[in-house]
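Structure first, commentary second.
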Amino acid sequence: MLLDGGMTAAQPRTDLRVALFATCFNDTMWPETPKAVVRLLERLGVRVEFPMDQTCCGQMMTNTGYAGDAVPLVRHFVDVFEKYDAVVAPSGSCVGSVRDQHPMIAHLAGDPGLASEVEEVRPKVYELSEFLVDVLGVTDVGAWFPHRVTYHPTCHSLRMLRVGDRPLQLLRAVEGIDLVELPGAEECCGFGGTFAVKNADVSVAMGTDKAEHVAETGAEVLVAGDNSCLAHIGGILGRQRSGIRTMHLAEILASTKENPA
Amino acid sequence: MSIGPVQETSPTFVGMPAFPEAAREALANTQQRQNLHNATHTIRAKRAAVVAEVDDWEALRVAGADAKDEALHHLGDYLEQVEESLTANGAIVHWARDAAEANRIVIDIARAKEVDEVVKVKSMATQEIELNEALEEAGISAWETDLAELIVQLFGDRPSHILVPAIHRNRTEIRDVFLREMARFGRPAPDDLTDDPARLAEAARLHLREKFLRAKVAVSGANFAIADTGTLVVVESEGNGRMCLTLPETLISVVGIEKVLPTWDDLGPMLQLLPRSSTGERMNPYTTMWSGVHDGDGPQEVHVILLDNGRSHVLADSVGRQALRCIRCSACLNVCPVYERTGGHAYGSVYPGPIGAVLNPQLRGTSSEVDASLPYASSLCGACFDACPVRINIPELLVELRGTVAEQGGHRAESAAMKAAAWVLSDPRRLAVAQKGATTAGKLIGKRTITKVPGLGAWTDARNLPTPPKETFRQWWAREHEEGGQR
Amino acid sequence: MSPSTSAREEILARVRSATADITSEPRLIARSASGSLPSQLAERAISRAVGAEEGTLELFAENVADYRAAVVRVPAAEVGGAVVDALRSAGVQSVVTPTGLDQSWAEAVGAAFDVVTEAAATSAQQLDQVDAVVTGSAIGIATTGTIVLDHQPDQGRRELTLVPDTHVCVIRDDQVVHDVPEAVTRLRTAAGQQRPLTWVSGPSATSDIELQRVEGVHGPRTLVVIIAGTP
Ligand code: SF4
């Protein structure tokens with residue numbers, strides 16, 4: 001099919017060996033997201049593997065001041081993923097950690113071997129919207145989601161990965177969607193990992209403002225590329241009994257008429 | 001050779017509460033929050049507009065960072081050069097290892113001039129060393145002449161923003177303090193003073209003019225000190241800077257050693273980066289450049305005090321030294337979602353906001369409660385790095401400093417938890433076992449909402465918790481792909 | 001603090017040990033007595049300073065006006081009249097004139113106002129009694145609407161353009177450059193011959209009270225810029 005933007009739907013990329021990095025948080029707390037990635041990619045003709053040995057990128061340790069403790073995780077990460085052509089993860093934050101922090105951690109470990117492995121693996125790691133738009137060259141993934149939706153660009157997607165409007169390109173092409181702009185979209189929601197607990201008052205103040213903006217849009221669904229931020233904003237929206245649902249981008253893109261989300 | 005010492009935390013800030021407590025108090029101050037919200041959002045928009053006018057802002061940022069790095073990487077050489085050029089231009093150069101030494105030099109000069117007052121241009125370095133307090137103790141009055149600093153001084157307050165230090169005060173409060181306090185220090189405010197900002201500015205003009213015309217000694221900082229020409233630069237808006245830098249007979253400038261720029265031409269990028277990032281203007285109203293003593297024009301006795309006060313300590317850290325590129329524009333404050341809500345006082349220093357969260361623990365070490373808490377006063381959203389005209393990677397530095405704080409211990413439970421988590425997460429089998437806990441909870445809770453969990457009050461006081469699933473992704477995948485790993 | 005080492009020696013030692021990991025050579029340390037640029041730097045400066053672009057003057061006038069200075073454009077021969085007009089509409093009575101001010105402007109001003117010469121104005125207190133100053137200028141910068149004074153005899157000592165409340169400033173159109181780096185390059189002088197510089201972009205201003213911009217705090221509250229055509 002040919003789309004407005006002149007972009008064709010993905011050709012099956014059977015030539016690529018693609019791994020799913022679910023991320024430890026999604027794996028444990030939000031399995032629907034990686035499941036949606038699998039459904040979506042398979043629908044687009046991509047054979048995706050889930051290496052069962054995978055664990056975690058180490059971001060939590062690094063950002064809390066325990067980069068040393070993250071060294072074995074980085075080592076493990078490159079061991080698990082180095083044999084793949086591409087690694088897809090439904091988390092801007094974890095991909096940001098792999099891309100921006102793994103080299104620093106390898107450096108810290110004083111292990112040049114690890115550093116060079118990191119350099120080899122990290123350019124192959126993609127956030128979901130990057131993989132779809134840049135690697136598969138697709139913006140219309142054939143999704144159907146007849147709801148009013150607003151999109152929050154999470155900080156790490158926005159400023160570390162610079163995914164730009166890729167998620168919006170993907171969302172705009174979803175059939176039936178009513179996509180509304182989020183005021184103050186680029187402002188942080190206040191999650192920030194351990195910040196949410198260590199500076200809970202400020203975190204909640206930020207999240208409350210974000211939730212207010214979301215409510216202003218009249219959206220039924222708040223979508224983002226990171227479930228951790230969504231848990232924070234959603235936790236506030238839930239406490240306010242706003243009735244607004246939060247969903248990961250992957251789940252909307254995986255939704256079809258036959259198998260609606 | 002040993003590394004330079006950290007600076008001593010001044011008595012004003014010793015014993016400040018950790019950031020989260022100070023922040024809680026600030027958050028409760030609705031008036032201040034509203035002022036800050038308006039201020040930061042207004043400057044943000046202005047900055048964005050003038051930055052967009054520049055063809056290649058990114059190239060400018062790189063040039064700015066590069067100039068500062070060149071100076072910092074070879075700081076010993078450039079300091080010697082700036083000393084030589086300044087001396088050749090007729091200035092007298094002094095060196096101060098710490099705040100006490102710098103203050104003593106200023107006091108000695110003022111005493112030699114037999115004055116009991118000095119006029120001052122807004123300067124972060126002199127605030128850092130608490131020069132005004134030191135002068136006062138020596139019986140010398142220091143008159144702040146920047147409008148906001150004057151307001152802060154009349155209130156007996158502390159500044160809350162680098163650029164607009166009185167941003168936490170509104171116009172009515174300012175009128176009241178002018179009426180109440182100005183007469184104690186000089187020309188009183190007119191009786192019919194209103195809270196119209198133009199009238200308030202006029203009152204300040206008249207109050208200060210008498211001091212400018214009378215002052216024999218002025219104290220300033222400098223935005224830049226140019227090594228090859230021996231020139232100091234002060235960037236300002238109101239003209240109080242020009243008054244201080246031009247009219248008195250003696251001028252004393254306290255200049256942090258990191259203010260050195262290698263060459264005159266570095267002003268090209270810097271004078272484009274600073275005003276646009278700072279006040280959101282294409283150019284600030286006034287910039288003064290002086291190269292020592294100019295015959296028959298301006299102060300005929302010019303002193304420059306090169307101040308270390310912890311900077312050489314920061315310089316010794318190969319990652320952390322990038323913070324010394326800071327040109328104090330305050331762009332990072334204005335885009336910071338944390339600063340916007342807490343204001344500047346919670347940072348327990350004259351340097352607030354994202355750069356303060358980095359610079360204070362770097363300069364003062366992390367032994368005090370407030371300094372140890374500052375690296376965590378950020379959600380690491382990265383807005384500061386994007387805005388910084390000299391590309392200081394503030395999130396990276398915060399993470400590095402968290403490492404320093406973690407290393408010094410004190411967070412024992414957290415450290416143990418991180419070690420345990422790393423142990424679990426470095427092995428998929430251990431992870432699978434640990435995940436059982438979550439799914440068991442998930443099965444128990446079912447579809448109910450979690451609003452309270454003992455020990456998780458920091459989260460659940462205002463937020464529901466996500467409900468854990470009954471099955472992890474890993475378990476689902478194994479079930480779906482029984483023959484192992486692939487379909 | 002050990003009394004045996006001076007602060008200078010100690011700070012330099014600390015700084016050198018802090019940067020001991022740096023292996024590169026300082027790039028720009030060669031200060032030449034003539035003040036000419038090291039070659040790499042000269043190239044950088046020149047590539048940025050490719051002449052005035054189309055519309056530079058218009059942009060200059062626009063940006064000066066944008067900072068709420070009054071802008072007047074006149075042929076060179078009419079500057080004297082324009083200066084007098086500007087001073088009249090500012091309602092001034094006394095004017096200080098720098099020693100090297102253009103003879104014809106000085107005469108025009110002298111015919112209409114009480115004039116104090118730079119030589120006669122020996123103190124700031126005295127200048128505080130004068131209403132206005134008329135000067136030439138060194139450079140104008142279009143993208144920022146800036147006037148740079150280098151306080152040559154046609155501009156006078158710094159206090160002349162600071163204390164009186166009105167400043168009428170004349171700039172020839174060939175003194176206007178396009179952007180900041182070009183101005184910086186032009187303003188570089190040989191070692192030992194540096195001039196004090198004042199960069200003026202609009203009248204003084206403050207936004208210290210609730211961020212509301214107020215024009216005019218301590219510097220001249222009225223700034224008139226007269227752009228003179230090249231004769
Ligand atoms: S860190 Fe950067 S943005 Fe913040 S004040 Fe310094 S120079 Fe400006």
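Contact tally against chain B (heavy-atom pairs below 4.5 Å) for A:Pro72, A:Ala231, A:Gly68: the top residue is A:Ala231. Top candidate by heavy-atom pairs under 4.5 Å with chain A, chosen from B:Gln475, B:Arg430, B:Glu340, B:His41, is B:His41. No other option in A:Thr154, A:Asp209, A:Leu237 has as many heavy-atom pairs under 4.5 Å with chain B as A:Asp209. With respect to chain B, the highest number of heavy-atom pairs below 4.5 Å among A:Val197, A:Val204, A:Leu73, A:Asn63 belongs to A:Asn63. With chain B as the partner, the residue from A:Thr55, A:Leu108, A:Thr62 showing the most heavy-atom pairs under 4.5 Å is A:Thr55. Ranked by heavy-atom pairs under 4.5 Å with chain A, the list B:Ile450, B:Leu465, B:Thr460, B:Thr467 is led by B:Thr460. Contacts with chain B were tallied for A:Glu32, A:Met60, A:Gln240; A:Met60 has the most, counting heavy-atom pairs under 4.5 Å. Between chain B and the options A:Arg162, A:Met104, A:Gln101, A:Arg75, heavy-atom pairs under 4.5 Å are most frequent for A:Arg162. Of the residues considered (B:Ala26, B:Ala18, B:Ser379), B:Ser379 shows the highest number of contacts with chain A, using heavy-atom pairs under 4.5 Å. For the set B:Leu27, B:Leu425, B:Val399, the count of heavy-atom pairs under 4.5 angstrom toward chain A peaks at B:Leu425.
Counting all heavy atoms, side chain and backbone alike, A:Pro90 lies closest to A:Thr33 at CB-CG2, 3.7 Å. When all heavy atoms of B:Ser277 and B:Pro389 are compared, the closest pair comes out as OG-CB, 3.3 Å. Shortest non-hydrogen contact noted between B:Leu374 and B:Leu398 is O-CD2, 4.3 Å.
Taking the centre of each ring, A:Phe81 and A:Phe21 come in below the 6.0 Å mark. Taking the six-membered ring for Trp and the full ring otherwise, B:Tyr347 and B:Phe19 have centroids separated by under 6.0 Å.
Contact annotation for B:Glu414: both backbone and side-chain heavy atoms come within less than 4.5 Å of a heavy atom of chain A. With a threshold of 4.5 angstrom between heavy atoms, B:Thr449 does not approach chain A through any atom at all. Of the two parts of B:Leu380, the backbone and the side chain both hold a non-hydrogen atom closer than 4.5 Å to a non-hydrogen atom of chain A. With a 4.5 angstrom heavy-atom cutoff, B:Arg33 touches chain A only via side-chain atoms. With a threshold of 4.5 angstrom between heavy atoms, B:Ser415 approaches chain A through its backbone and through its side chain. Heavy atoms of A:Glu186 lying under 4.5 Å from chain B are absent altogether. Using a 4.5 Å cut-off between heavy atoms, B:Arg341 contacts chain A through its side chain alone, with no backbone atom that close. For A:Ala67, no part lies under 4.5 angstrom from a heavy atom of chain B.
By the 30° and 60° cut-offs, the orientation of the rings of B:Trp477 relative to B:His481 is parallel. Note on ring orientation: taking the six-membered ring where Trp is involved, the planes of A:Phe191 and B:Trp459 are perpendicular (angle over 60°, cut-offs 30° and 60°).
Annotation for A:Arg241: atom CZ does not count as buried by contact number, only 12 or fewer foreign heavy atoms lying within 6.0 Å.
A salt bridge does not link A:Asp100 to A:Arg122: none of the charged side-chain nitrogens sits closer than 4.0 Å to a carboxylate oxygen.
Remark: the B:Asn464 side chain and the A:Arg239 side chain contain an N/O donor-acceptor pair separated by less than 3.5 Å.
With rounding to the nearest 0.5 angstrom, the OG atom of A:Ser91 is 9.5 Å from the NE2 atom of A:His156.
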